[in-house]
Structure formats: structure tokens, C-alpha cells
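The block underneath contains the structure these notes are about, expressed in C-alpha cells.
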Amino acid sequence: MFAALRQPLARASAVKPLARAFSAYTPAQNAVAPTTPKLEFLLTETRGRVGLVTLHRPKALNALCNGLFIELNQVLKDFDDNQDIGAIVITGSERAFAAGADIKEMKDRNFIENYRENFLGDWTKLTQIRKPVIAAVNGFALGGGCELAMMCDIIYAGDKAVFGQPEIKLGILPGAGGTQRLVKAVGKSKAMEMCLTGSVNLTAEEAARAGLVSKVFSPDQVVDEAVKTAEQIANLSQPIVQMIKDAINQSFEIPLSSGLTFERRLFHAAFASKDQKEGMGAFAEKRKANFTHN
Ligand SMILES: CCCCCCC/C=C/C(=O)SCCNC(=O)CCNC(=O)[C@H](O)C(C)(C)COP(=O)(O)OP(=O)(O)OC[C@H]1O[C@@H](n2cnc3c(N)ncnc32)[C@H](O)[C@@H]1OP(=O)(O)O
């Protein structure tokens, strides 16, 4: 029943070199799995049923370069494929979640290269991850950094976080959701002001008031709080968690009537799961539900 609802993860040809580079790579099971080949731009660990990825390019404020995305895509896919992981947290440093795409790496690119290579096409694979992903944002989340956070399902922020789309000041425009997801998160006027000036940023509190961020914490708490929420989600019924993620994401893509039909079908399907029997049975028997993700 559930197999029929599963959509295969798209495999992009551009990740093939990456697959070769990571042929010895086995999914992280515990803090920094010993078999993991050295990652240059990331740190990974697991905490309970949560996969934690830390962007780690401190000298460049976690500027997003191609090598970083090669590693990120692989690590995320491994967490997504690992049945012992139920949710993922992505974070950066206290100074920067990510200060945008790497301007120095990008500056000499030309149109033909961008078009031929479908530049950025492989940088958005995060949106294909089926498990919930929480961004734990401290410091700068600018340009591609803000867009990366917006590709996640939930954003928690430290109270010094800054969200912005400064691309216009570089003579470009946002290329991975800044003109699309941001509008849906903060409304047209604020998104226009941010993208058109490149100088109007949102503080964490403003981002929370606008709905871009769901909770604000002190900087040292944000990762732990994100992991706590991720662990809570990871221990709920995984097929149902994924259905909810699918259904909410559909609300961005399709008209309301179609979205409601999609939701109703998933609701019907939920009753084919053992977890539905367990969840409702546990309520009736006044005990804690023990979900088996079936
Ligand atoms: C998820 C998919 C992503 C798709 C991306 C789609 C297209 C996206 C385009 C962009 O994101 S364009 C970049 C947008 N971001 C910016 O314009 C911010 C640039 N950075 C700054 O304005 C400042 O660094 C700062 C964030 C305001 C911090 O200033 P501060 O004075 O505190 O530090 P710096 O000395 O400037 O920086 C330290 C160090 O880091 C390097 N660096 C910072 N940001 C970038 C970057 N985006 N690209 C490359 N390098 C960056 C900076 O050059 C410094 O390095 P050194 O000069 O010391 O070697």
C-alpha cells in the first residue's frame, strides 16, 4: 500500500562523479562515522534518530560552493536512505549559517556555461529529501544561505540571525527561491523590499513575526532545540510524517481543491498503516503509542 505512494528520489547524472568519489562512503550511524571519507566542507553526526549536518567553511562564512553541495547532497541522501534516521537538521556556525553562494567561485562564470551545465540545478536537491529537514540558523543567512534555509521544512533561528537577499548589489538576482519562496513566507511587499534593495534584512524576531522562522532561541540553544524537535518528529510514524510533508508541499504547487483532494486521499491511506491502529488504539487504551513506521 505504502510502496505505491512512495516516489523514487530523482538521481541526477551530475551526481555520478560524486557517487564515485563516495564509493567507500557508508551512511553515518554514530557521531562522525569512522568509515566516512573526509568531508571538506561539512561535519556530520547522528543524535538519536536525527542526522545533523553542519556547514563548515569557517574562513568564508560558509559561502556555498560546488564542492559543498556535492558533499551535502550525498550526506542528505544517505540520511534519507537510512531507516535509523527520521529527521535531519542542517546548521552552520554561530557567525554564519551561510553568507550566500561563493561569489569568488561564481564571478567568472558566463551565460553559456550556466545554461549548458544547468548551474544551480544540483544545488537544490535538498528539496527532494523526503524526511523532514530543520534549518537551525545562526548569524548570516544571506542570498543562497537564506534560500537554503527556505528549502528546509522548518526554520529555527538564533536571536542574532540575519536573513537577506543581497544579490541585486552584485548585479544578479536570487537564483534558488529568493523571489518565490520568500514571497510565500513573508508576503510580496517585504520580499520586494528585501530583493530590490538588497539591503533590507530581517532579524530573527522579524522573520518569526513574518512567518519565515517558526521559533527564536538564544544562539547556543538553537541547534539543540532543532534536534529536540527533529527527534520528536523522528519518533512519530514515518510514513505519516512523509505524507504530511508531501501534502503541505503540494499546497505550494496546486490549487486548493486539488490539494484538499490530495490530502483526503492520504488521509484515507493512513488507515492502511499499522501506525494508525497503534496510535488510535494507544489513545483508547490510555497508553503511549509505540510506532513501528509501518
Ligand atoms: C541553496 C542553493 C543556493 C543557490 C544560490 C543561488 C544564487 C545565490 C547567489 C548568492 O548567494 S550571491 C551572494 C550573496 N551574499 C552576499 O552578497 C554576502 C557577501 N558577504 C558579505 O557581504 C560579508 O561577508 C558579510 C556577510 C556582511 C560579513 O562581513 P564581515 O566583514 O563580517 O566578513 P568578511 O570579511 O566580509 O567575510 C569573511 C570572509 O568570508 C568571505 N565571504 C563572505 N561571504 C562570501 C561569499 N558569499 N562568497 C565568497 N566569500 C565570502 C569574505 O570574502 C572573507 O574572506 P577573505 O576576504 O577574508 O578571504
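Counting starts at 1 for both ligands and their atoms, following the listed order. When a residue number appears, it is its place in the shown sequence, counting from 1.
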Sequence-distant partners of Asn110, side-chain hydrogen bond (donor to acceptor under 3.5 Å, both in side chains), two or more places apart: none

For Ala60, the ligand 1 atoms whose distance to one of its heavy atoms is below 4.0 Å: 40 (O), 41 (C), 42 (N), 43 (C), 51 (C)

Side-chain touch Val222/Glu225, heavy atoms, less than 4.5 angstrom: no

4.0 Å protein heavy-atom contact status of atom 21 (C) of ligand 1, strictly under: no

Min heavy-atom dist Glu105 to ligand 1 below 4.0 Å: no

Contact partition for Met151 relative to ligand 1, non-hydrogen atoms under 4.0 Å: side chain

Which of the ligand 1 atoms, numbered from 1, are nearer than 4.0 Å to a heavy atom of Ala176: 2 (C), 4 (C)

Part of Leu126 within contact of ligand 1 (heavy atoms, under 4.0 Å): neither

Test item: side-chain donor near acceptor, Ser214 and Tyr156, under 3.5 Å: no

Contact check, Thr124 vs ligand 1, heavy-atom distance below 4.0 Å: no

Ligand 1-proximal atoms of Ala101, by part, heavy-atom distance under 4.0 Å: both

Protein heavy-atom partner closest to atom 12 (S) of ligand 1 - residue, atom, separation in Å: Leu170 CD1, 3.5 Å

Test side-chain hydrogen bond (donor to acceptor under 3.5 Å, both in side chains) applied to Lys190 - qualifying residues, sequence neighbours left out: Glu193

Side chain, backbone, both or neither: Pro166 near ligand 1, heavy atoms under 4.0 Å: side chain

Side-chain heavy-atom pair Asp159, Phe217 within 4.5 angstrom cut-off: no

salt_bridge(Glu45, Arg47) N-O dist < 4.0 Å: yes

Within reach of ligand 1, part of Arg95 (heavy-atom separation under 4.0 Å): side chain

Row check, Phe140 ring normal vs Arg95 NZ/CZ: under 6.0 Å, within 45°: no

Numbered atoms and elements of ligand 1 in range of Lys59, under 4.0 angstrom, heavy atoms: 39 (C), 40 (O), 55 (O)

Closer than 4.0 Å: a protein non-hydrogen atom to atom 9 (C) of ligand 1: yes

Glu205 bridged to Lys160 by N-O distance under 4.0 Å: no

Sub-4.0 Å protein heavy atom near atom 17 (O) of ligand 1: yes

